[in-house]
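Along the sequence shown, residues carry numbers from 1.
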Amino acid sequence: GAKWTYTGPDGEDHWYKHYPFCRGPFQSPIDFEPELLRYDPTLVPVEVRNYNLSSHEQLTLSNNGHSVQLSLPPRMQLSGLPHLYSAAQLHLHWGSPSLPAGSEHTVNGRRFAAELHVVHFNSDRYPNISMAADKSDGLAVLGVLIEIGEFNPAFNQFLKYLNGVKYKDQRIQISAFNIRGLLPAHLNEYYRYDGSLTTPPCYASVLWTVFKNPVTISEKQFLALATSVFSSSQQESAPVVLNGNYRKPQNSENRIVLVSFQE
Ligand SMILES: NS(=O)(=O)c1c(F)c(F)c(S(=O)(=O)CCO)c(N[C@H]2CCc3ccccc32)c1F
Ligand SMILES: [Zn+2]
C-alpha cells in the first residue's frame with residue numbers, strides 16, 4: 001500500500017487520502033478520560049493460553065519500518081472474550097530520547113513511555129489475520145502501558161536482538177520465550193472498547209483490551225528501543241531513526257469505555 005509515516009507530508013493527518021477508513025468511525029487510540037468510563041461487573045479476567053512458548057521454538061523478529069514486530073504462533077490464544085482469538089504478532093509504540101512519552105492510549109491525558117500491542121484474530125470465524133483484519137469482529141488487541149522504571153527481563157528477551165533488525169525489512173529468527181512475562185501480573189483490571197487499527201488501513205475491526213496496570217522497562221531498555229531502530233532501509237544513504245511511532249488520541253465520539261475495575 002501507499003507509504004505512510006508519523007510526521008511530515010505522509011503523517012497521520014494525511015493517512016485518509018490513501019486509507020479512507022482512517023477518517024471513519026471508531027478510530028483508535030483514545031484518551032481514557034473519567035467521563036467515558038463505565039464499570040461493567042460482567043468483565044471477567046482475560047485468560048491467555050499457550051503464551052509460555054518453549055525456547056526450542058523460534059519466532060521472527062522484524063522491522064517493518066513502522067515498528068518492531070514479533071510473529072506469534074496461532075496456538076497462543078485469548079479466552080474470556082466474546083470469541084476465541086488466536087495470536088498473530090506483537091509490536092511496540094514508543095517515544096524518543098528527548099520526549100520519552102510514546103504510548104498510544106492515554107489515561108486522563110497521561111501518556112506513558114511506550115505501549116505493547118499483542119494482536120489476535122477471531123479464530124472462531126476467520127482462518128488467519130489477513131481475512132480477519134477488515135471485519136468488524138475480526139481482531140482483539142491487548143494493550144500494555146509501559147513506564148520507565150525497573151529493568152524488565154521479559155522485554156529483554158527480544159530487545160537484546162534489536163541490533164539485528166536495525167533497518168526496515170530486516171528480519172531475524174529468535175528463540176521463543178514466555179510471552180506472558182510481557183503482560184502485567186494481574187489481567188483482571190482493564191479498559192475495554194470497540195476501536196480500530198492505529199495504523200493504516202485503520203480498519204474499525206479491533207476489540208481493545210488495555211490493561212490498567214503498567215509494566216516497567218529500564219531507562220537503558222527504553223533508550224535501546226528509541227535509538228536502535230531505523231524506519232529507513234540499509235540501502236538508503238541517510239538513516240532515519242524510528243521513534244515517536246504513536247498515533248494521537250482520536251475523537252471518542254461519546255464512546256463508552258467499559259472498565260473491569262472500580263476506582
Ligand atoms: N496498533 S495496531 O495493533 O493497530 C497495529 C499496528 F500498529 C501495526 F503497525 C501493524 S503492522 O502490521 O505492523 C503495520 C501496518 O499494518 C498492525 N498490523 C496488523 C493489523 C492488520 C494486519 C494484517 C496482517 C498482519 C498484521 C496486521 C497493527 F494491528
Ligand atoms: Zn499497535
[X] and [Y]: same hydrophobic cluster, using ILVMFWY side-chain contacts below 4.5 Å?
| X | Y | answer |
| --- | --- | --- |
| L223 | L99 | no |
| L207 | V141 | no |
| V241 | F222 | no |
| V107 | L92 | no |
| V165 | F177 | yes |

Heavy-atom distance under 4.5 Å between the side chains of [X] and [Y], does that happen here?
| X | Y | result |
| --- | --- | --- |
| Q250 | S196 | no |
| S218 | I148 | no |
| F151 | K220 | no |
| F211 | L145 | no |
| K166 | P239 | no |
| E150 | T216 | yes |
| L61 | Y161 | yes |
| Y193 | L258 | no |

When rounded to the nearest 0.5 angstrom, what distance separates [atom1] in [X] from [atom2] in [Y]?
| X | Y | atom1 | atom2 | result |
| --- | --- | --- | --- | --- |
| N178 | S54 | CG | OG | 11.0 Å |
| R171 | N64 | CZ | CG | 9.0 Å |
| L70 | Q157 | CG | CD | 11.0 Å |
| S79 | E47 | OG | CD | 4.0 Å |
| F121 | L78 | CZ | CG | 11.5 Å |
| Q234 | N63 | CD | CG | 11.0 Å |

Query - Aromatic ring pairing H117/W208, orientation class (parallel under 30°, perpendicular over 60°, tilted between) - result: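 Answer is perpendicular, since the angle exceeds 60°.
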Query raised in the report: For the residue pair H93 and Y6, does the interplanar ring angle fall in the parallel (under 30°), tilted (30 to 60°) or perpendicular (over 60°) class?
Result: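 Answer is perpendicular, since the angle exceeds 60°.
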May I ask you to decide if [Y]'s main-chain N or O and [X]'s side chain share a donor-acceptor pair within less than 3.5 Å?
| X | Y | answer |
| --- | --- | --- |
| E115 | E104 | yes |
| E253 | P25 | no |
| N163 | S228 | no |
| H83 | D124 | no |
| E12 | K248 | yes |
| S232 | V240 | yes |

So which heavy atom on [X] is nearest to which on [Y], and how close?
| X | Y | value |
| --- | --- | --- |
| R255 | I30 | NH2-CG2, 3.7 Å |
| Y85 | L81 | CE1-CB, 3.7 Å |
| S67 | W94 | OG-CZ3, 3.9 Å |
| P97 | A226 | CD-CB, 3.8 Å |
| V68 | L225 | CG2-CD1, 4.2 Å |
| H14 | P9 | CG-O, 3.2 Å |

Query - Polar contact flag, side-chain donor to acceptor under 3.5 angstrom, D10-T5 - result: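 T5 and D10 do not have a side-chain donor-acceptor pair below 3.5 Å.
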Query raised in the report: For E189 and S260, does a side-chain donor sit closer than 3.5 Å to a side-chain acceptor?
Result: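 No pair is found: no donor N or O on one side chain lies under 3.5 Å from an acceptor on the other.
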Report task. Quick one: do K135 and S205 satisfy side-chain contact (heavy atoms from CB on, under 4.5 Å)? Show the steps, please. Result -> CA-CA 5 Å; K135 309 297 189 297; S205 60; 5.6 Å; no
Requested in this report: Kindly indicate, with the supporting measurements, whether the criterion side-chain hydrogen bond (donor to acceptor under 3.5 Å, both in side chains) is fulfilled by T60 and Q173.
Outcome: CA-CA 5 Å; T60 303; Q173 296 291 97; 2.6 Å; yes
Report task. Begin with the C-alpha distance, continue with both residues' side-chain angles, and end with the deciding distance and a verdict on side-chain contact (heavy atoms from CB on, under 4.5 Å) for M76 and V48. Result -> CA-CA 7 Å; M76 278 177 57; V48 294; over 6 Å; no
Query raised in the report: Hey, are E147 and R111 close enough for a salt bridge, meaning a charged N less than 4.0 Å from a carboxylate O?
Result: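 No, no charged N to carboxylate O under 4.0 Å.
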Query raised in the report: Any ion pair linking D137 and R125 (charged N to carboxylate O, less than 4.0 Å)?
Result: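 Result for this pair is yes, salt bridge flagged.
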Report task. Please step through side-chain contact (heavy atoms from CB on, under 4.5 Å) for the pair V118 and L116, ending with a clear verdict. Result -> CA-CA 7 Å; V118 191; L116 167 74; 4.2 Å; yes
**Report entry** Derivation of the side-chain hydrogen bond (donor to acceptor under 3.5 Å, both in side chains) call for Q221 and N156
**Finding:** CA-CA 8 Å; Q221 287 179 300; N156 235 47; 2.8 Å; yes
Query - Within 6.0 angstrom of N254 CG, more than 12 heavy atoms from elsewhere - result: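 No, because the 6.0 Å sphere around CG of N254 holds 12 heavy atoms or fewer from other groups.
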Query raised in the report: Would you say Y126 has more than 12 foreign heavy atoms packed within less than 6.0 Å of its OH?
Result: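 Correct, the count exceeds 12.
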Query raised in the report: Do the numbers put R110 on top of the ring of F112, so that NZ or CZ is under 6.0 Å from the six-membered ring centre and no more than 45° off the axis?
Result: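 The answer is yes; both the distance and angle limits are met.
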Query - side-chain hydrogen bond (donor to acceptor under 3.5 Å, both in side chains) between R247 and T198, intermediate numbers included - result: CA-CA 6 Å; R247 189 187 195 183; T198 67; over 6 Å; no
Query - By ring pair (Phe, Tyr, Trp, His ring centres under 6.0 Å) - contacts of H66 (at least two apart) - result: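 By the ring pair (Phe, Tyr, Trp, His ring centres under 6.0 Å) rule, H66 matches W4.
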Query raised in the report: What pairs of residues pass the ring-ring contact (aromatic ring centres under 6.0 Å, His included) test when at least one of them lies in residues 237-263, not counting sequence neighbours?
Result: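 Counting only pairs at least two positions apart or across chains, the ring-ring contact (aromatic ring centres under 6.0 Å, His included) contacts touching residues 237-263 are Y191-F261.
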Report task. Please report the C-alpha distance between E33 and N108 in whole Å, then the side-chain angles of each, then the deciding distance to 0.1 Å, and finally whether the side-chain hydrogen bond (donor to acceptor under 3.5 Å, both in side chains) criterion is met. Result -> CA-CA 4 Å; E33 47 188 325; N108 205 3; over 6 Å; no
Query - Audit row: L90, L182, side-chain contact (heavy atoms from CB on, under 4.5 Å) steps and yes/no - result: CA-CA 10 Å; L90 63 81; L182 300 176; 3.7 Å; yes
